[in-house]
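Worksheet for the structure shown next.
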Amino acid sequence: MARNSAIPPESFEEILAWLDPDREVAATMYVQLRHDLAKIFKWRGCSDAEELTDEVFDRVAKKVHQVRPTYEGDPRYYFRAVANNLVKENLKKVKTRVSLDDAELAEPIATKDEEDHRLDMQECLKSCLPKLSRENRKLIVAYYAKEKRAKIDNRTELAQQLGIPVETLRVKVHRIRLSLQQCIERCLELKANRK
Amino acid sequence: MKEEPITDALLREFLLGKLADDECERLETLFLTDFQTKERVAVVEQDLIEDYLENGLTKEDRKRFLLRYAQTDEEQRKLRITESIRDWAAMEARTPQPAAASVSDWDRLRARLRLNPIFVVPIAAIVLIATVLAIVWLNTQIEQRKHLAIEQELAQLNSPMSLRESPSQMISFDLRPVTARSVEPTPGLSSRAEIRLVELHLPWIRREHYSIYQAEVRRIGNNESFTIRNLPADSGDQNVIRIRLPKHILIRGQYQIYLSGITNNGSLSSPEEYSFVVSN
């Protein structure tokens, strides 16, 4: 579980000013950086990515007054270095990595609660779909029309029809899917709060 | 040590935790600081999720995937959201479109034509003209969509936030205004295969300076031009405006750039012209 990070307000302001002179841009960068660092911890197999992300910001907050005046370059490299140290510390603490063969990994199982969630999700999906433009809706349907081996040919054909490289198509669909996912997440949160 | 180019296969190994620590550190740093790498990682991650949902991962990769993407409630919820979007789209694709009504209309029309063959030639001519017009219209739409997508990409690449980043696979060139270059030859650039972005440094030699600028990029011999709005002056050197162009829009030929300052009332100053040649 994520613990509460208590960064003193003046250090928080200095971190923001370090990220970018424009406070709005800095706030966006701050949120993005937290999200990205949590992902990195997760990729490195750290079990509590959120807690470690808090720890990165706590450590930077303690040093920011000293480091910032002389630091040159993108401050995100500094955060990255602090995160890297934490990954190493975390590995030492854990001492042994569990072999993949021994790891007991939970597959998502459908319980009764999960079935309720699934129904909520379908309702949310239905309410979010009309927010997509007709063109984007058609594109996402065409993109996911085929599975497994057939999908590669299908997507190559689709990209040709649109006159764009497959890479661009994948990014385009990723952006549409992301907006749909964010809408569904907001809707699910609202539903959960109402219960 | 020579760095491995960033491919989808490499990113996939990275996401499954199969790379050595130093390679992970390189990719993680790029992920943090380079928007395009971040987006590529997200796309490859999405492919991985699709493969998992289609049971297309090997036993080992499936374990690695579950370890990273299906442990917390939030991760499992994200997987289910992707699954529901995919399932809905696949179902929509399988649902036959309401074509029955138009088929029967067509049958009725054919039946009428059989009775009145005199209409066949004029109707065929109308259908032919309509088809040609539809093709022309469709091509225009595709071109417009492509143009819009490129302008969106340019806006993204040249936003103040993106310009602060130093992406990998980018080369930079200094250009001089045509008026200041006198008899020098037009500078040329031949971009290598691994390059994704070209950054051009445009010195602003006028006395008046502006807080934002607008650049119009066009290839000589082509009517199409791309406009990049709200370009800031370089934070280090206020006399230089930087623009970034993705390599895939640059084809062999000579390019012109018209750079104008945007005044406080929103009008454009007279433009400064720059040119360069692409010879890849």
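The chains referred to below are lettered A, B, ... by the order of the sequence lines, with proteins before strands, and numbering in each begins at 1.
B:Lys59 does not touch chain A: none of its heavy atoms, backbone or side chain, sits under 4.5 Å away. With a threshold of 4.5 angstrom between heavy atoms, B:Gln46 approaches chain A through side-chain atoms but not through N, CA, C or O. For B:Glu143, no part lies under 4.5 angstrom from a heavy atom of chain A. In this structure, chain B has a heavy atom under 4.5 Å from the side chain of A:Tyr143, while its backbone stays farther away. Contact annotation for B:Leu32: both backbone and side-chain heavy atoms come within less than 4.5 Å of a heavy atom of chain A.
Ranked by non-hydrogen atom pairs under 4.5 Å with chain A, the options B:Arg77, B:Arg164, B:His248 are led by B:Arg164. Taking chain A as the reference chain and counting heavy-atom pairs below 4.5 Å, the highest number among B:Arg40, B:Glu153, B:Glu50 is found for B:Glu50. Across B:Leu15, B:Asp8, B:Thr33, the residue that shares the most heavy-atom pairs under 4.5 angstrom with chain A is B:Thr33. Interface check for chain A: of the options B:Gly17, B:Ser84, B:Ala149, B:Ala90, the most heavy-atom pairs under 4.5 Å are formed by B:Ser84.
For B:Asp47 and A:Lys151, the salt-bridge test fails: no basic side-chain N is under 4.0 Å from an acidic carboxylate O. Ion pairing between B:Glu45 and A:Lys39 holds under the 4.0 Å rule for side-chain N and carboxylate O.
Environment of NZ in A:Lys138: sparse, with no more than 12 heavy atoms of neighbouring residues, nucleotides or ligands closer than 6.0 Å.
Considering CD of A:Glu147 and CG of B:Asn55, their distance stands at 10.0 Å, rounded to 0.5 Å.
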(request) Apply side-chain contact (heavy atoms from CB on, under 4.5 Å) to the pair A:Arg177 and B:Thr82, showing each step before the final yes or no. (result) CA-CA 8 Å; A:Arg177 200 197 46 74; B:Thr82 303; 3.9 Å; yes
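Each of B:Met91, B:Glu92, B:Arg94 was evaluated against A:Val141; a single residue qualifies, B:Glu92, per the side-chain contact (heavy atoms from CB on, under 4.5 Å) test.
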